[in-house]
Amino acid sequence: MQNHLRQANRNYLKLLRSERDFPDDDFEWKTIYIFYVVVHWTRAFIRLRVGLDVDIPDHSTARRLLKQYLKPFAFKAYITLNNYADYARYDGVADDLDRWQRLRKIEFKEAREILEILRMEIGRAIPEVLTLSE
């Protein structure tokens, strides 16, 4: 569980650096960093709820377990964030790069809000999540 919390923190620091170094660009990568912060928080959360030896080999297994243990609003936020990360990774830039970047910027702003929602919710069970390194 602690390894997931450490990795989440490392990903969070990457997000902060990206926000600092590229304030008006790379929104797809910032969203991906946010998703992987949450991935590790949720893996730690699942292990807390189910047991440290639970096997979580992929995102679909994690989603199934999270649906059981997260409150519905938090699970919905997680799914939205997962979708945004998928768009960022797999949708390519399409023919209209400006439009694509505007959409990624909107999704990033929402992803930032989701990060805070999930931080507060998971932080109820894992207080270390509430104290992010900066």
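Nothing fancy with the numbering, it's 1 onward along the sequence.
Following chains of ILVMFWY side-chain contacts shorter than 4.5 Å, one can reach I56 starting from F75, so the two form part of one hydrophobic cluster. The hydrophobic cluster containing L52 also contains L65, counting ILVMFWY residues as joined when their side-chain heavy atoms lie under 4.5 angstrom apart, directly or transitively. The cluster map of Ile, Leu, Val, Met, Phe, Trp and Tyr, joined by side-chain heavy atoms under 4.5 Å apart, puts V54 and I122 in the same cluster. By the rule that hydrophobic residues join a cluster once side-chain heavy atoms approach within less than 4.5 Å of another member, I114 and L16 end up as members of one cluster.
Looking at E19 and K30, no side-chain N of the basic residue comes within less than 4.0 Å of a carboxylate O on the acidic one, giving no salt bridge.
Between the side chains of R104 and Q101, no donor-acceptor pair is found at a separation under 3.5 Å. Residues T61 and D58 have side chains that bring a donor and an acceptor to within less than 3.5 angstrom of each other. Counting only N and O atoms by type, the side chains of N9 and R6 include no donor and acceptor under 3.5 Å apart.
A125 and R49 get closest at one heavy-atom pair: CB-NH2, 3.6 Å. Of all heavy-atom pairs between I117 and A77, the closest is CG2-CB, 4.5 Å. Residue A74 comes nearest to L118 through the heavy atom pair O-CD2, 3.4 Å, listed as atom of the first residue, atom of the second, then distance.
Note that CG of L48 is 5.0 Å distant from CD1 of I126, once rounded to the nearest 0.5 Å. Distance check, rounded to the nearest 0.5 Å: CD1 of I46 to CD of Q68 gives 9.5 Å. To the nearest 0.5 Å, the span separating CZ on F27 from OG on S18 amounts to 9.0 Å. The structure places CG of L81 at 12.0 Å from CD of E113, a figure rounded to the nearest 0.5 Å. Interatomic distance, E121 CD to T42 OG1, rounded to the nearest 0.5 Å: 13.0 Å. Note that CG of L5 and CD of Q7 are 11.0 Å apart. Values are rounded to the nearest 0.5 Å.
Residues Y87 and T31 are not in side-chain contact: their nearest non-hydrogen atoms beyond the backbone lie 4.5 Å or more apart. In this structure, the side chains of I79 and N83 come closer than 4.5 Å at one or more pairs of heavy atoms. Here the side chains of V129 and M120 are not in contact, with every heavy-atom distance at 4.5 Å or above. A 4.5 Å side-chain heavy-atom check between Y69 and V50 finds at least one atom pair inside the cut-off. Residues Y78 and R63 have side chains in contact (heavy-atom distance under 4.5 Å, counting atoms from C-beta outward). Side-chain atoms of W41 and R119, non-hydrogen and from C-beta on, do get closer than 4.5 Å to each other.
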Test F35 against H59 for side chain to side chain contact (heavy atoms under 4.5 Å, CB included), laying out the working first. CA-CA 11 Å; F35 178 65; H59 293 307; 3.9 Å; yes

query: Does the pair Y84 and E110 meet the rule for a side chain to side chain contact (heavy atoms under 4.5 Å, CB included), with working shown?
result: CA-CA 9 Å; Y84 288 163; E110 290 180 24; 2.3 Å; yes

Decide yes or no on side chain to side chain contact (heavy atoms under 4.5 Å, CB included) for E28 and F108, but give the supporting numbers first. CA-CA 7 Å; E28 70 274 20; F108 163 70; over 6 Å; no

Review point. Side chain to side chain contact (heavy atoms under 4.5 Å, CB included) between L15 and N11: does it pass, once the steps are laid out?
Key: CA-CA 6 Å; L15 169 65; N11 292 340; over 6 Å; no

Inset, instruction - Please lay out, stage by stage, how H40 and F45 fare under the test ring pair (Phe, Tyr, Trp, His ring centres under 6.0 Å). - result: CA-CA 8 Å; H40 288 286; F45 178 77; over 10 Å; no

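Crowding of R112 atom CZ: a count of heavy atoms from other residues, nucleotides or ligands under 6.0 Å exceeding 12. Atom CH2 of W29 has 12 or fewer heavy atoms from other residues, nucleotides or ligands within 6.0 Å. Other residues, nucleotides and ligands place no more than 12 heavy atoms under 6.0 Å from the OH atom of Y90.
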